[in-house]
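First comes the structure, then the notes that go with it.
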Amino acid sequence: MSVYTPTPRTRVRRKPDRAAYDETAVHAVLDAGIIAHIAYVIDGQPFVTPTTYWREERKLYWHGSAASRMLQAQADGIPVCVTVSHVDGLVVARSGIAHSLNYRSAMVFGRARLVEGLEDRRAAMSAFIDRLYPNRSAELRPMTDKEIRQISLLEMTIEDAVAKSRAGGVNNMPEDAGWDAWNGVIPVATVIGRPVVDASEPGGPSASLDLYRAGARLDEVLTMAAPIPVYRSRRATT
Ligand SMILES: Cc1cc2nc3c(=O)[nH]c(=O)nc-3n(C[C@H](O)[C@H](O)[C@H](O)COP(=O)(O)OP(=O)(O)OC[C@H]3O[C@@H](n4cnc5c(N)ncnc54)[C@H](O)[C@@H]3O)c2cc1C
């Protein structure tokens, strides 16, 4: 099993029993998500920007407008910290202090670099689409060079990483005994809704959208779709 070596910035001190450093645990959290929060500092001012991303092996990718200040700053190789988190349950207890959340989260560190070439960016955008919607890029109108030029794409090698999670029930305290307040866990999940069909669209969603059935959990769908990205192998052939 491959493990991210704990470092001073990833060693969990608070509730270390909830930490995991192995790739399987860290990547599972990353692959179940679609939004990351990316932290970086410009001129001493911290910023945290939510953005979509995807992972391939020990690399993360994210993209945006070529005019994005976040991307321009990060492309210079400044240190970034990326977090992804999922809420799995509201843990309600008999006292305020014992309330909690069930969650899965990951924190990863690295330095981003700009993916420069037009064809590399084109391949990456296809991989990004396919990561979310398996094999969908082949169905789409190819992106024009002008569209590709409007996109900045960042690649970050994960230097160190950690996952932290809480699962299970309420940790009531001895002082809570006898209080009448209900306690337990209220599960939480983001689920896919019914597709809103465009009036001009004759059929149902195509096969690339099969995973996105109404009622399916988004984190489970994203996990199932995750093995699809092939940006790096595509790039090697361009
Ligand atoms: C959805 C969600 C809600 C939360 N709500 C609260 C809350 O209300 N109050 C609260 O105190 N805590 C909350 N936490 C836990 C919180 O993220 C921290 O783990 C906790 O506050 C301890 O922080 P620390 O800096 O003292 O930890 P330390 O153990 O000192 O952190 C050391 C290192 O451990 C790693 N680490 C710490 N926390 C996490 C994490 N969650 N995921 C991945 N790596 C981590 C980082 O690399 C960090 O640099 C929540 C977590 C999640 C995911």
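Side chains are part of it too, since the values below use all heavy atoms of this structure and drop only hydrogens, waters and symmetry mates. The first residue of the sequence shown is numbered 1, and numbering continues consecutively from there. Ligands are counted one by one from 1 in listed order, and the atoms in each one are counted from 1 as well. Predicted model only: the values in this text are computed from it and were never measured.
- Under the 4.0 Å distance rule, the nearest protein heavy atom to atom 13 (C) of ligand 1 falls outside the cut-off.
- Between the side chains of Trp62 and Gln74, at least one donor N or O sits under 3.5 Å from an acceptor N or O.
- For Arg166, the salt bridge (Lys or Arg N to Asp or Glu O under 4.0 Å) test picks out no residue, with sequence neighbours left out.
- Of all protein heavy atoms, the one lying nearest to atom 2 (C) of ligand 1 is Leu101 CD1, 4.1 Å.
- Less than 4.0 angstrom separates atom 6 (C) of ligand 1 from none of the non-hydrogen atoms of the protein.
- Protein heavy atoms are found inside the 4.0 Å sphere centred on atom 19 (O) of ligand 1.
- The protein non-hydrogen atom at the shortest distance from atom 24 (P) of ligand 1 is Arg14 CB, 4.5 Å.
- Closest to atom 42 (N) of ligand 1 by heavy atom, among Ser165, Ala161, Ser105, Ser85, is Ser105.
- Aromatic pair Tyr53/Phe128: ring centres not closer than 6.0 Å.
- Under a 4.0 Å N-O distance rule, the pair Glu139/Arg136 qualifies as a salt bridge.
- Ranking protein heavy atoms by distance to atom 45 (C) of ligand 1, first place goes to Met107 CE, 4.1 Å.
- Ser68 and Ser65 form no side-chain donor-acceptor contact under 3.5 Å, judged by distance and modelled atom types alone.
- Remark: side-chain polar atoms of Asp198 are paired, donor with acceptor, to backbone N or O of Ser200 under 3.5 angstrom.
- Here the heavy atom of the protein found nearest to atom 30 (O) of ligand 1 is Arg13 CB, 3.9 Å.
- For atom 47 (O) of ligand 1, a protein non-hydrogen atom is found at a distance below 4.0 Å.
- Checked against the 6.0 Å centroid criterion, the rings of Tyr103 and His86 do not qualify as a close aromatic pair.
- For the residue pair Asn135/Asp130, the side-chain donor-acceptor check at 3.5 Å is not satisfied.
- Counting heavy atoms closer than 4.0 Å to ligand 1, residue Lys15 contributes nothing at all.
- Side chains of Glu175 and Ser95: no donor on one and acceptor on the other come within 3.5 Å.
- Checked by distance only, ligand 1 and His86 stay at 3.5 Å or farther apart across all their nitrogen or oxygen atoms.
- Considering backbone and side-chain N/O atoms, Lys164 comes within less than 3.5 Å of an N/O atom of ligand 1.
- Assignment of Arg11 to the shell around ligand 1 is supported, since a heavy atom sits closer than 4.0 Å.
- Scanning the protein heavy atoms around atom 49 (O) of ligand 1, the nearest turns out to be Arg9 O, 2.8 Å.
- Counting protein heavy atoms only, atom 44 (N) of ligand 1 is closest to Val162 CG1, 3.5 Å.
- When only non-hydrogen protein atoms are considered, atom 34 (O) of ligand 1 lies nearest to Val12 CG2, 3.3 Å.
- A donor-acceptor pair under 3.5 Å links the side-chain atoms of Arg121 to the main chain of Ile151, judged by distance alone.
- For atom 38 (N) of ligand 1, the nearest protein heavy atom is under 4.0 Å away.
- Not a single protein heavy atom sits closer than 4.0 Å to atom 9 (N) of ligand 1.
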Between side-chain atoms of residues 27-42 and protein atoms elsewhere (two or more places apart, or another chain), which donor-acceptor pairs fall under 3.5 Å?
from: His27; atom 1: ND1; to: Arg55; atom 2: NH1; distance (Å): 3.1
from: His27; atom 1: NE2; to: Tyr4; atom 2: OH; distance (Å): 2.7
from: Asp31; atom 1: OD1; to: Arg55; atom 2: NE; distance (Å): 2.9
from: Asp31; atom 1: OD2; to: Arg55; atom 2: NE; distance (Å): 3.4
from: Asp31; atom 1: OD2; to: Arg55; atom 2: NH2; distance (Å): 2.7
from: Tyr40; atom 1: OH; to: Thr49; atom 2: OG1; distance (Å): 2.9

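- At the shortest separation from atom 15 (C) of ligand 1 among protein heavy atoms lies Tyr103 OH, 3.9 Å.
- At a threshold of 4.5 Å between non-hydrogen side-chain atoms, the residues Ile129 and Leu140 count as touching.
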